**Q** 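One structure, as structure tokens, below. Some questions next.
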Amino acid sequence: MAKPGIPQGTRDFGPETVRKRNYIFHTIRQVFELYGFQPLETPAMEHLETLMGKYGEEGDKLIFKILNNGLSDPKNTGKAREAFENVVAGKNDKNLTERALRYDLTIPFARYVAMNHGQLTYPFKRYQIQPVWRADRPQRGRYREFYQCDADVVGSHSLLNEVELAAIYTRVFHCLGLPVSIRLNNRKILAALAEVCGGSDKMTDITVAIDKLDKIGLEKVKEELWQRGLSESQVGTIEKYLAIEGTNEEKLASVKSLLAGNETGGKGIEELEYVLNYGSPANLLVVDLTLARGLNYYTGIIFEVKALNVQMGSIGGGGRYDDLTGLFGVPGVPGVGISFGVDRIYDVMEELRLFPADVHTGTKVLFFNLGEAESRLAFLLGQALREKGVAAEIYHELAKFDKQFKYAERKGIRYAAIIGPGELAGQEVKLKDLQTGLQTTHSLQAFGELSFA
RNA sequence: GUGAUUGUAGCUCAGUUGGUUAGAGCACCAGAUUGUGGUUCUGGGGGUCGUGGGUUCGAACCCCAUCAGUCACCCCA
């Protein structure tokens, strides 16, 4: 028999891990609901053509494709062989693969909006908490199956949405006790920089390069820009742009003068100023002019969240996209959204030991099993506790005391209820608090009145 | 997709001029203790040394291939 295993980049989650993950999910879901977002779920798989071409060249390569069924059917084999040639040549072919696992939640959402745009009430605010899959090579903080928690608003140009989404980030990370910086920038400013540097077609090259500033340093960024065919004066302008620092206000003032007269850039700066000055907790919002973000559908303000005091990629990101549903034949529906990377948030919280101790609590009371008649009484008392919503267990078989104690201890059960022959005869229950070591004796009635809060 | 690194008991790891029967800690099981856990003591079970070849009288150790994990790049949550 083959050794049991699971695919690269996937994980099993044990009981304790699931409890901690649920704690994060509940926190996020609660805040989404507080801001009026409604839940949505979409299928794990989509038509391949729904996903292709939406994430850039690199993104497309990371989409998990699903092999069609029925390829061995004689009437399909000819087409399948032809299709295979296409696939090894780097193309897609419907005769071999026409479905794929979802790569993110935003594109499936756009597809959903395009399919249902007649019935939706706008602005439509939805949240979605589901796994996504990417065929990346796994490493720290990177998995092939991971959860995203997205909140998006479509059908509204208002910057109030950006303000609220920033507030959601702030609130969620405050609730989790996780210190973060929420960085924001505007694609319009990056577009303006590209224009000023003589080529809006170079925007992707420029943003990809400057996004790496804090990782590889100024010299390497300049080198990369050179290699991508920018002139010396163009690189010079970008160098000035990258040199901008100070408070949010100072940064925006400097950009304003650098991009003076550029209409797109002015608009982008105005939008950032609007959001920053809306009375949101500006101490967490940091303007980061080097922030670019890879997904190429963003057109306005973009967000990225980094955890402080820990080495980890971004734990959240998002931004405004002006015409996502246009890709699916429904033009003119603007949107803006954010995403939480639960798996990375989990890793960071684990590393910083931020999970509260009480996320583990499952069973509250363990009834010892000390005989047939004794366990029957224990079962009755246990049922009464369950009626009250107190999680209770009866040890599954007659066993030695220390075995039953050890079971309770390992499962983190706080109370042991002991009913042996003596207690049965006296119609009482001994209750031991395993945390304090204190043991008390109760009549059956008194036991029934305990709250175990 | 590119590059590096690791693979020995359930877990964490020792194990060199290649040499008997491959070790430790933790965990597990049993007993000391037939109704009071966490400590301690004693004993016990458990390993095709990732897999497949090769070199050698002899391989956990050297060589080749392969698989798997980890990390970095790319990209990203």
Side-chain angles (χ1 to χ4, degrees), chain A residues 2-11 24 28 55-63 90 102-106 129-150 169 180 204 207-209 211-212 215-216 220 224 291-296 303-307 311-319 337-348 366 368-371 374 395 398-425 430-441:
Chain A
K3 272 188 195 171
I6 56 177
Q8 189 181 34
T10 66
R11 298 149 298 159
I24 300 174
I28 294 172
Y55 308 107
E57 208 174 311
E58 291 299 320
D60 285 354
K61 286 186 199 158
L62 301 181
I63 294 172
R102 83 164 92 75
Y103 178 91
D104 73 353
L105 302 179
T106 307
I129 299 179
Q130 288 189 281
V132 303
W133 295 269
R134 296 186 187 178
D136 233 344
R137 192 86 78 85
Q139 55 184 272
R140 179 184 161 79
R142 172 181 294 185
Y143 305 98
R144 289 186 144 184
E145 177 183 66
F146 62 97
Y147 269 74
Q148 289 193 330
C149 307
D150 278 26
Y169 267 144
V180 296
T204 307
T207 53
V208 166
D211 197 32
K212 297 178 193 163
K215 208 175 209 168
I216 63 177
K220 297 247 174 171
E224 192 162 328
L291 178 63
R293 297 197 52 73
L295 299 172
N296 57 9
F303 300 97
E304 191 158 293
V305 184
K306 297 262 309 183
Q311 187 66 39
M312 177 65 78
S314 65
I315 56 176
I338 56 172
S339 179
F340 290 83
V342 170
D343 302 78
R344 284 186 178 176
I345 292 171
Y346 177 93
D347 289 347
V348 170
L366 176 71
F368 275 26
N369 189 330
L370 299 168
E374 290 83 352
Y395 195 79
L398 193 60
K400 285 192 192 173
F401 253 65
D402 77 323
K403 228 179 154 168
Q404 304 198 37
F405 268 120
K406 276 183 179 157
Y407 177 79
E409 186 195 350
R410 270 204 296 213
K411 255 187 108 169
I413 299 172
R414 175 145 185 199
Y415 297 99
I418 300 167
I419 304 169
E423 288 79 11
L424 184 63
K430 287 211 172 88
L431 184 69
K432 181 160 183 173
D433 181 333
L434 301 191
Q435 237 167 56
T436 62
L438 294 178
Q439 185 167 305
T440 48
T441 306

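Computation of the quantities below employed the complete heavy-atom set of this structure, encompassing side-chain atoms and omitting hydrogens, waters and symmetry-equivalent molecules. The model shown is predicted, which means the values in this text are computed figures rather than measured ones.
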**Q** With both distances under 3.5 Å as the test, what is the Watson-Crick or G-U wobble partner of B/rA72?
**A** B/rU2
**Q** Looking only at atom P, what distance separates B/rU40 and B/rA27, rounded to whole Å?
**A** 9 Å
**Q** Whole angstroms only, please: what is the OH-P distance between A/Y143 and B/rA77?
**A** 15 Å
**Q** Measure distances between side-chain N and O atoms of A/Q404 and base N and O atoms of B/rU36, and say whether any donor-acceptor pair falls under 3.5 Å.
**A** no
**Q** Mind calculating the distance between CZ (A/R140) and C1' (B/rC73) to the nearest angstrom?
**A** 17 Å
**Q** Which part of the nucleic acid, if any, lies within contact of A/S339, taking any heavy atom under 4.0 Å across all strands shown: a base, the sugar-phosphate backbone alone, or nothing?
**A** nothing
**Q** Side chain of A/Q8, heavy atoms from C-beta onward: which of B/rA72, B/rG69, B/rA77 has the nearest atom to it?
**A** B/rG69
**Q** Take atom CG of A/D60 and atom P of B/rC74, then tell me their distance rounded to the nearest Å.
**A** 19 Å
**Q** Remember a base hit wins even if backbone is also touched, and classify A/G56 as base, sugar-phosphate or nothing at under 4.0 Å, heavy atoms.
**A** nothing
**Q** Closest to the A/I418 side chain: B/rC75, B/rU36, B/rA30?
**A** B/rU36
**Q** I want to verify a distance call: between B/rU36, B/rA77, B/rC74, whose nearest atom is closest to the A/K212 side chain?
**A** B/rC74
**Q** For A/R134 and B/rC76, give me the distance from atom CZ to atom P, rounded to whole Å.
**A** 9 Å
**Q** Grab the two heavy atoms, one from A/L398 and one from A/L370, that are nearest each other, plus how far apart they are.
**A** CD1-C, 3.3 Å
**Q** For the P atoms, the ones on B/rC13 and on B/rU6, what distance do you get once it is rounded to whole angstrom?
**A** 14 Å
**Q** What's the gap between B/rG47 and B/rC75 when it is taken at their C1' atoms, as a whole Å value?
**A** 41 Å
**Q** What's A/Q148 touching, base or sugar-phosphate or nothing? Going by heavy atoms closer than 4.0 Å.
**A** sugar-phosphate
**Q** Please determine, for the side chain of A/R137, which listed nucleotide (B/rU2, B/rU36, B/rC73) has the closest atom?
**A** B/rU2
**Q** Name the residue from A/V132, A/I24, A/I28, A/I129 that meets the side-chain contact (heavy atoms from CB on, under 4.5 Å) definition with A/Y147.
**A** A/I129
**Q** Angle between ring planes, A/F368 versus A/F405, binned at 30° and 60°: parallel, tilted or perpendicular?
**A** perpendicular
**Q** Work out which heavy atom in A/R144 is nearest to a heavy atom in A/A135; give both atom names and the distance.
**A** NH2-O, 3.7 Å
**Q** B/rA59 and B/rG54: how far apart are their P atoms, nearest whole angstrom?
**A** 12 Å
**Q** Among B/rG38, B/rU36, B/rA77, which is the nearest nucleotide to the side chain of A/K406?
**A** B/rG38
**Q** Can you check the A/R142 CZ to B/rA72 P distance for me, whole Å?
**A** 9 Å
**Q** Pick the P atom in B/rG58 and in B/rU20, then give their distance to the nearest Å.
**A** 15 Å
**Q** As a test of understanding, state which of A/D104, A/T106, A/D60 forms a side chain to side chain donor-acceptor pair (under 3.5 Å) with A/Y55.
**A** A/D104
**Q** In this structure, how many angstroms lie between the P atom of B/rG1 and the CD1 atom of A/I63, rounded?
**A** 16 Å
**Q** Please work out if A/K400 contacts a base, only the sugar-phosphate, or nothing of the nucleic acid, heavy-atom cut-off 4.0 Å.
**A** sugar-phosphate
**Q** Counting only Watson-Crick pairs (N1-N3 plus N6-O4 or O6-N4) and G-U wobbles (N1-O2, O6-N3), all under 3.5 Å, who is the partner of B/rG43?
**A** B/rC29
**Q** If you look at every strand shown and take non-hydrogen atoms under 4.0 Å, does A/E423 touch a base, only sugar-phosphate, or nothing?
**A** base
**Q** Map A/P7 and A/E58 onto RNA chain B by nearest heavy atom, then report which one ends up closer to the 5' terminus.
**A** A/P7
**Q** When rounded to the nearest Å, what value does the distance between P atoms of B/rU17 and B/rU48 take?
**A** 25 Å
**Q** Just checking A/F340 against A/Y169, ring centres under 6.0 Å apart?
**A** yes
**Q** Under 5.5 Å between ring centres and under 30° between planes: does that hold for A/F401 against the base of B/rG37?
**A** no
**Q** Taking the P atom of each, how far is B/rC61 from B/rU16, in whole Å?
**A** 12 Å
**Q** How is A/G59 classified with respect to the nucleic acid when contacts are heavy atoms under 4.0 Å: base, sugar-phosphate, or nothing?
**A** nothing
**Q** Assess the residue pair A/K61 and A/E58 against the criterion (salt bridge (charged side-chain N to carboxylate O under 4.0 Å, His left out)); give the C-alpha distance rounded to whole Å, side-chain angles, the decisive distance to 0.1 Å, and a yes or no.
**A** CA-CA 5 Å; A/K61 286 186 199 158; A/E58 291 299 320; 3.6 Å; yes
**Q** Has A/Q139 got a side-chain N or O lying under 4.0 Å from the OP1 or OP2 atom of B/rA72?
**A** yes
**Q** Rounding to an integer number of angstrom, what distance separates B/rA14 and B/rG25 when you compare their C1' atoms?
**A** 10 Å
**Q** Take the protein atom CZ of A/R102 and the nucleotide atom C1' of B/rA77, then report the distance between them rounded to whole Å.
**A** 14 Å
**Q** Is there a donor and acceptor pair, one atom on the side chain of A/Q435 and one on the base of B/rG38, closer than 3.5 Å?
**A** no
**Q** Reading RNA chain B from 5' onward, which residue's closest nucleotide shows up sooner: A/L434 or A/G316?
**A** A/L434
**Q** Paired with B/rU21 by Watson-Crick or G-U wobble geometry, both distances under 3.5 Å: which nucleotide is it?
**A** none
**Q** Contact class for A/V208 vs. all strands (heavy atom < 4.0 Å): base, sugar-phosphate, or nothing?
**A** sugar-phosphate
**Q** What are the two closest heavy atoms between A/R293 and A/D211, and how far apart are they?
**A** N-OD2, 4.4 Å
**Q** To the nearest Å, how far apart are A/R144 CZ and B/rA68 P?
**A** 10 Å
